[in-house]
Structures are given as structure tokens and as C-alpha cells.
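Only one structure is covered here, and it is reproduced in the block below.
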Amino acid sequence: MDFSNCWLDYRPMEIKEQALSALSVLCEGEIIESAVKEYQLALSRMTGREPEVFREKTNRCVALYLEPLLPIGKDGYEIKKEKDSYHITGQSESGVLYGVFHFLRLIRTGHMDELPVSNAPEMPLRMMNHWDNMDGTIERGYSGNSFFYENYEILYNERIEQYVRLMASIGINAIVINNVNVHQRETYLITDTYLEQVKQYAALFARYGIQLFTSVNFAAPMELSGFDNCDPLNDKVAQWWKDAVKHIYEVIPEFGGFLVKADSEGRPGPFTYDRTHADGANMLAKALAPYGGIVVWRCFVYNCGQDWRDKKTDRARAAYDNFIALDGQFEDNVILQIKNGPMDFQVREPVSPLFGGLKKTNMILEVEIAQEYTGQQIDLCYLLPMWREILDFDTFSEGEGSTVRQIVKGAQYGQNCCGMAAVINTGNDYNWTGNDLAAANTYGYGRMAMNPSLTSEAIAKEWIELTFGAAVADDLTKILMDSWPTYEKYTSPLGIGWMVTPHYHYGPDVDGYEYDRWGTYHRADRNGLGIDRTPAGTGYTAQYNEPWSAIYADRNLCPEELLLFFHYVRYDEVLKSGKTLIQHIYDTHFEGVEEVEEMIERFDGLQNKLPGDVYDRVRERMERQLENAIEWRDRINTYFYRKSGVPDEKGRKIYE
Ligand code: GCV
């Protein structure tokens, strides 16, 4: 199998300390055994010598302990040095595993001086969503094909094991193995056609503290058993699900539950029967409850058959309008999965108002590691700073301090069924993520869900040191940290979004979605652009708590990076920078390209410090990024020059 070890690349290094070459395992369990294996593998790769493993106490060793009463939080751990030994104590088996991974990180990055450390995962659920299909394709996949499936068969090989180690090392504890768009064959994943193979995955995942979930087709009783409806209040339909779930748990006792996309983009759902999403989710939840399973139900529900002429219907309103009245009606084992913004993973969106609206419902924040709208792993876009802003956003749902972070970690309303979910960016490319640098997002997502107090910069640096070594850390950190603002500059201005090639979502096409049915408009005319979402417009701003509803509705208070998301603004209006809107558009697009050129120059300086293949792969993507940035710059600038007739005050080249 040909794949990179990513951040688990335990390259040879000199390790003098004798204690590290003995492991004393003072606890038991299959996850503990994974921790032991990982330590053995790491030490043998780094030193060329297999560490000795003792099942009793010895001197000068790394000792693993399990202490359920450790007052640190679920799956937490402590690492400390005592006399001539290191003690790694987990609150659970997973805690021990996370502790070992942390300890290995300290060894690799030379940060043993940070001891003692103690940590507990902050987000209860730290989930990955795969959009893998069983034919081997990946929806919005930019790194090759699926490593789970080929030709409707489930694969099992060394690569899958490596993948699971990568996930456990960043604290992932739940994985959904198939696309939320559940097609015909995938509907059978929960049946005997595939259950035995799914079980193999579930067992492997379980050895690393990870629960397996599947996306399910809400219409499965119709597709699999010839029902003429899938009405959630039909007793026979509910019974069908109970039987199906019972059987799943007979085969896979450690099964996590279901992820559901219903009534969205053509998927079936309860609306067909005039039922609510609470009816739909609760029906599945009741089937799963006896076994401890959960339903993760997506709020990405909107009308994708909109008429562009209709300026009152606003897609941004949809999730809130569909779900807010259902607050408090969901079973305890239902979690609503809410995309970070009200639209769809654009380069800049406000935070979904549902986070500040729902109070009696379990919630999980969904982000997209796969760079669907943010460069598709060709262009560099380190997303951690964006996620950080989202987590830090204060919803004011219960006064100041009711941040998204507080809400999704369960601290605001005391839910224990919550956390973060992300659409993963991996595939079967040698380097897993197409662009080697895109793995910073994969790694960073897990680290941030474990510990949102870590800064984006610290996570970037840690990832670089583990993957490529300290010599390139400063330059690569700078490259990563600048990448989101740069991408934003040369693509869509001030939160407007959607000026992308339709369906494909890479590269510019300003009017590509403008007259389409998806509810994604910029409304540019000869005087200005932007969507009026104030009470005078679509009224979307009213979905926020105060002070946000007032701030967003006020042209002068609205954060400028979101100005065009909330307001129609004339080209000649002056922004806080003192520039007119049109000049801002020209300037940012010129700057964006210049910044890509600077990034390439900086990266070239690392040529001799990076492995040749990594340099070549990333450099080739950077060339494509530059072409893309130029195309964006010229198309956007020309488009708005043609619309407005206003020349660039700096006289730069804008095509007519
Ligand atoms: C899996 C966007 C993407 C779709 C995706 C959908 C979703 O619309 O373009 O590919 O479908 O989001 O999140 O369900």
C-alpha cells in the first residue's frame, strides 16, 4: 500500500532517555492495546529499537494507568514525570490512548518540558462525515477516490488501519462511513448485504475508541421492502426501523447510530407526509434508544427550487425557519447537525442563527474540511482561523458569553449529546488530501475539537513540526495563516459568496448561479450589489438575538466583512477604510493575486528543507492557484467595471 504517514511519520531521531525504551502497561483493554502498539511502532521507527513492554511496574519506564475517578473529564488524561519514569494516566481507555498520542507528540516536537500536562476532550462528539459513495467516488472529494469502497465493495486493508490511527491520534471518536446523499446501493449498508463488512470496520474503529455511524436513506422501507410510503407516523414504518436497528445491533453491538439528510436537495423526508422533522428524527431515535444509539439529523433543509425573480424568499432563513419551532420536541438521543453558516460553507458567512435560537435541543456544529468552496485542495486555505471565529461567536442566547463553543460543548444548556462534525477531505491519493498542506485542516479540526483553547497558529505549527520538522515551521505557519484571508480577497468580496462555477464550485462565474434555482444570488446591478436581509428586505437579521439583529441590520454597524451578505450597497458608498465599495473590490482582487505570488516565493525558499516529492506536489498546486487567482481577479474586476463603469483609481489593468 502506498500512502504517506502524514503527522504520524515517526522519522528517526535521537532519543537518549532510557525511560522511553520501556513501557509498563498497568491497565487492560483493547483500546489500551492500541495505545501500546502505537507506542511500540513510534519508538521502533524513531530509534530503530523496539521498546520493551512489561505488564507490571518497573523502574525507568513509561507507565500506563487507567483511573476512572481521575477528576479531569470524560476521556481525559494526565502525563507527568515522577522520579525517573513517566506516568500516563487516562480517565478511560480512550484517555490512555489520547495520552500516549500526546506524549509521542511531545517527544517528536521536543516539547517534553511542557510536562506535566492534563487534558480532557472538550467537544463530547468529535465526528468525521465521509461523503464517500460505494462506487468509489467521493462527493466533493479532491484527493482521489474512496479508500472505503471500490465498485460497491467494502475494502479492508492496511490503509484503513492507518486511517483509523490518524483519526484516533487527533481525538476523533465518531465516523460516518458514507455520504449523506444515500444512493441506491448505499441504502443496503444497514442490511445483511453489507453488515458483516461494516462490522469489520466497526470493530477496528472500536479498538481506537471510535464509533461507527452510517448515513441512512429515510425512504429505506420503500426502497428495501416495497413500502408505499415512509411516513414517520405510520406504525408499520416505525416497526420496520425498529426491526432493522435491532438487527444492526445484533451484528454490531458497538454501532453508533444514523446520520440523516432529509427533505434536502431531493432527498426523501417527512415533509412529503406533512410531518415535521421532529416526527422523522424521533421515529428513528426511538428505534435506536434501547441500544444507546443516536440520530444526527441535519438542518440543511431549504427550497432548492427557488425562482430568482422572487426577492422575498431567502435561503439563508431556511434552517432557522424549519427548525426553530421544533425546539424541545426532539428525543434525548437526537442531535441537530447545523452547518456553520446559513448558506453552505462559503468562504465567509455569518454564524447560523440556529445556534443562538435553539435552547432545548442537542446541537452539533458542522464544518467542511473538504474545500468545496475554498479552493478544492488546489488553492491553499487553512480553515482553522475561520472555525475559531465561529466557535468564539457570541450568540447572546443567554446574555453575554453564550458562545457557539459553549453551546456545542454542552456547557450552555447542559446537553451531553453535542460537539462538532466535519466533512472530511481525505481520499486514496498517496498524501491523503491532494494538496499535502490541506492535511493541516484535517489535523487541525481534530485538535480544535479536542481543545478549542489552542490557537490556529499553535495547531499549524504543531502539525508542521510533526509532518515536516521544525526547520520549515515559521515559514509554513505564515503561509497557512495568511491563506484564508488571501483566498477571500481574490474570490468573493464582503460575504457575498456564490460567484463560482455552478455545481463544480471551483473558479469564477459571477452570474453562474444568478438566475438559477438554488437561492444563491448577488443581485448586482449598475449601481451596486448585495442582499438586503434587514427587516426592510428578507428579514433574516431578525433571526439573531440582540445585539446582533440590530447590528447586522444597521448598514453602519454591520461588520464590514459581511456587509454584502446583509445589505445592498452602492458602488460609490464609502467603507470604513475610506475606499468606495468598487475600489475595495478592485484593490482586494489585485492584492489577492499579489499575495499568492508572495506565498509562492516564500514557499520556494523552503525547497531544500522539504522532501522533494512534497515540494513538487505543493508547488504544482500553487501554480494552479496562481492561475485561478488571476482568473478570479480579472473576471470579477471586469464584471464590476462593466456593471459600474467606474475605472480603477490606480489605473491598473482591468479588461474591458
Ligand atoms: C452532500 C452542498 C454540496 C453537496 C452536499 C450538500 C450537503 O450543497 O454541494 O454536494 O451534498 O451541500 O451538505 O448535503
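Just follow the structure's listing: the first ligand is 1, and inside any ligand the first atom is 1. Since we're looking at a predicted model, the values are computed, not measured.
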Subset of ligand 1 atoms that lie under 4.0 Å from at least one heavy atom of [X]:
X: F300; result: 6 (C), 7 (C), 8 (O), 12 (O), 13 (O), 14 (O)
X: H505; result: 9 (O)
X: W131; result: 1 (C), 5 (C), 7 (C), 13 (O)
X: R140; result: 3 (C), 4 (C), 9 (O), 10 (O)

Knowing that exactly one of [options] qualifies, which makes a side chain to side chain contact (heavy atoms under 4.5 Å, CB included) with [X]?
X: Q337; options: V260, N362, L365, L259; result: L259
X: F323; options: T276, I338, V301; result: V301
X: N217; options: N181, T187, I190; result: T187

- Task: Between V180 and ligand 1, find which residue part has any heavy-atom pair under 4.0 Å and reply side chain, backbone, both or neither.
- Result: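 Answer for V180: side chain.
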
- Part of F345 with heavy atoms under 4.0 Å of ligand 1, whether side chain, backbone, both or neither: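 Under 4.0 Å from ligand 1, F345 contributes no heavy atoms.
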
Nearest to [atom], what protein heavy atom do you find, and at what distance?
atom: atom 1 (C) of ligand 1; value: N181 ND2, 3.2 Å
atom: atom 2 (C) of ligand 1; value: D344 OD2, 2.9 Å
atom: atom 12 (O) of ligand 1; value: K339 NZ, 3.1 Å
atom: atom 14 (O) of ligand 1; value: K261 NZ, 2.6 Å

- Can you label the angle between the Y163 ring and the F147 ring as parallel, tilted or perpendicular, going by 30° and 60°?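 Correct class here is tilted.
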
What do you reckon, are the aromatic ring centroids of [X] and [Y] less than 6.0 Å apart?
X: W297; Y: H277; value: yes
X: W548; Y: F393; value: yes
X: Y506; Y: W632; value: no

- Please say whether N179 places an N or O atom under 3.5 Å from an N or O atom belonging to ligand 1.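 Between N179 and ligand 1 (N or O atoms, distance only) the closest approach is not under 3.5 Å.
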
- Query: Does an N or O anywhere in R298 fall below 3.5 Å from an N or O of ligand 1?
  - Reply: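 Yes - when backbone and side-chain N and O of R298 are compared with those of ligand 1, one distance drops under 3.5 Å.
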
- Would you mind reporting whether S397 and F355 have side-chain heavy atoms less than 4.5 Å apart?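 Answer no - side chains too far apart.
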
- Report yes if the side chains of Y490 and R633 come closer than 4.5 Å at any heavy-atom pair, otherwise no.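 Result no, sub-4.5 Å side-chain heavy-atom pair not found.
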
- For atom 6 (C) of ligand 1, which candidate among E139, E372, E265 holds the nearest heavy atom?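 Considering heavy atoms of E139, E372, E265, the nearest to atom 6 (C) of ligand 1 sits in E265.
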
